[in-house]
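Let me begin by presenting the structure, written as structure tokens, before commenting on it.
Each chain gets a letter, A, B and so on, in the order the sequences are listed, and its residues count up from 1.
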Amino acid sequence: MLSSKPFSRKFYSQASPIVAQRLLGSHLHRVIDGEQLIGRIVETEAYGIGDEACHAFRGKTPRNAIMFGEGGFSYVYFTYGMHHCFNVTANQEGMAEAVLIRAVEPVEGIEKMQVLRWGGGGAAHHALQKRDLTNGPGKLCQAFGLTRSDNGIDLIESEELFITSARPVAPNLIGVSSRIGINVAKHYPWRFFIKGNEFVSRGKPSS
DNA sequence: AAGGCGATTGCCT
DNA sequence: GGCAATCGCCTTT
């Protein structure tokens, strides 16, 4: 693997659409049960100031509080009664923004991810559909064992959850679209993905 | 105190 | 493509 290092506070302090684009191609690291998991980020969405789809739009609440602090912290929330979504907070203190990690490509620890997703027996059943492992926000949280107890982790300081930079994805290989699965503020072109990557979620048509 | 609905997924038709 | 699952959060009485 290319030499890489965790992103700095300064990096996460940029506006969410910038952070979202720059995260493409970088590596999400997670240590769970003593095992190292790594995923290459291939799809992200930005949520920002004045954005009605942003959880922080209507002010600070217990759930979204972490977004109001400095950038570079995990924001993990539970939704639909059964799924989790993993975000990275962006921008500076008081500027509540975040980037949703929508999909990653497994790089290391694939067997552990399969166990976390489907259990020991289910892995074989899904063996021919590797892409189902992490091609969606809820799926990657399950594969990486991320839950609400992982909310509020400092990604600059933690050794169990952090993101390392990698060779930037060429601009012509970055796709842009409106965001998926929301019913307000659909016009923002704030979904970013690596063109042609098989782990990019299909989602639903968002317009 | 109660009800609506969600930054989703997977199964069914 | 449509829709149920399933529950915590937030808004409204």
Side-chain angles (χ1 to χ4, degrees), chain A residues 12 15-21 23-24 28 39 41-68 71 73-91 95-104 106 113-119 121-152 163 175-193 198-207:
Chain A
Y12 291 113
S16 60
I18 302 297
V19 175
Q21 278 179 267
L23 283 177
L24 292 178
L28 172 64
I41 296 174
V42 300
E43 180 181 355
T44 60
E45 278 181 358
Y47 288 84
I49 305 295
D51 166 15
E52 195 176 357
C54 181
H55 284 178
F57 182 73
R58 290 178 175 77
K60 193 174 184 177
T61 69
R63 182 178 70 159
N64 66 26
I66 194 67
M67 293 176 69
F68 286 78
F73 286 76
S74 62
Y75 169 45
V76 183
Y77 67 89
F78 183 65
T79 190
Y80 289 106
M82 63 190 86
H83 299 300
H84 293 274
C85 286
F86 169 63
N87 303 248
V88 173
T89 64
N91 217 317
M95 306 285 277
E97 300 194 327
V99 174
L100 170 68
I101 308 303
R102 285 194 57 89
V104 304
M113 294 181 200
Q114 290 177 325
V115 171
L116 288 169
R117 276 278 283 144
W118 305 312
H125 183 264
H126 288 80
L128 299 179
Q129 301 173 31
K130 179 185 166 191
R131 113 194 105 171
D132 284 339
L133 206 48
T134 54
N135 67 340
K139 295 176 183 179
L140 77 88
C141 276
Q142 190 176 20
F144 279 67
L146 293 167
T147 68
R148 275 171 294 185
S149 66
D150 299 300
N151 183 60
I163 302 174
V176 182
S177 80
S178 53
R179 297 169 295 182
I180 290 174
I182 57 176
N183 292 306
V184 293
K186 294 182 177 181
H187 60 287
Y188 289 87
W190 282 357
R191 171 175 176 251
F192 306 96
F193 56 94
E198 70 171 327
F199 288 88
V200 172
S201 73
R202 301 185 193 295
K204 304 166 187 171
S206 68
S207 170

For B:dA7, does either OP1 or OP2 sit under 4.0 Å from a side-chain N or O belonging to A:R191? no

Of C:dC7, B:dA7, B:dT9, the nucleotide closest to the side chain of A:P137 is B:dT9

On DNA chain C, more 5' by nearest nucleotide between A:T79 and A:H55 is A:T79

> Does the side chain of A:Y47 reach to within under 4.5 Å of the side chain of A:S16, using non-hydrogen atoms?
Replying inline: no

Sub-4.5 Å side-chain heavy-atom contact between A:V184 and A:F57:
no

Exercise for the section: With side-chain contact (heavy atoms from CB on, under 4.5 Å) as the test, would you mind laying out the steps for A:F192 and A:L23 before giving the verdict? Expected result: CA-CA 9 Å; A:F192 306 96; A:L23 283 177; over 6 Å; no

Quick note, A:P62 side chain, CB onward, closest among C:dC10, B:dA7, C:dC9 is C:dC10

### Query
Under 4.0 Å: is that the gap between some side-chain N or O of A:R63 and OP1 or OP2 of C:dG8?
no

So does A:G152 get a backbone contact from the side chain of A:S74, meaning a donor-acceptor N/O pair under 3.5 Å?
yes

| request: Look at the side chain of A:N64 and the backbone N and O of A:H55, then say whether any donor-acceptor pair between them is shorter than 3.5 Å. | output: yes

key: Rounded P spacing from B:dA2 to C:dT6 in Å   = 23 Å

When rounded to whole Å, the CD to P distance for the pair A:E52 and C:dC10 reads 16 Å

Picking from B:dG10, C:dC10, B:dA7, the nucleotide nearest the side-chain atoms of A:R117 would be B:dG10

Side-chain atoms of A:R148 come closest, of C:dT6, C:dG8, B:dG6, to C:dG8

Counting just side-chain N and O atoms, does A:K139 come under 4.0 Å of either OP1 or OP2 of B:dG10?
yes

Here the distance between atom C1' of C:dA5 and atom CZ of A:F78, to the nearest Å, is 11 Å

Exercise. Using a 4.0 Å heavy-atom cut-off across all strands, classify A:N183 as base, sugar-phosphate, or nothing.
Key: sugar-phosphate

Here the distance between atom P of B:dT9 and atom NE2 of A:H84, to the nearest Å, is 13 Å

Taken to the nearest whole Å, OH/A:Y80 to C1'/B:dG6 is 4 Å

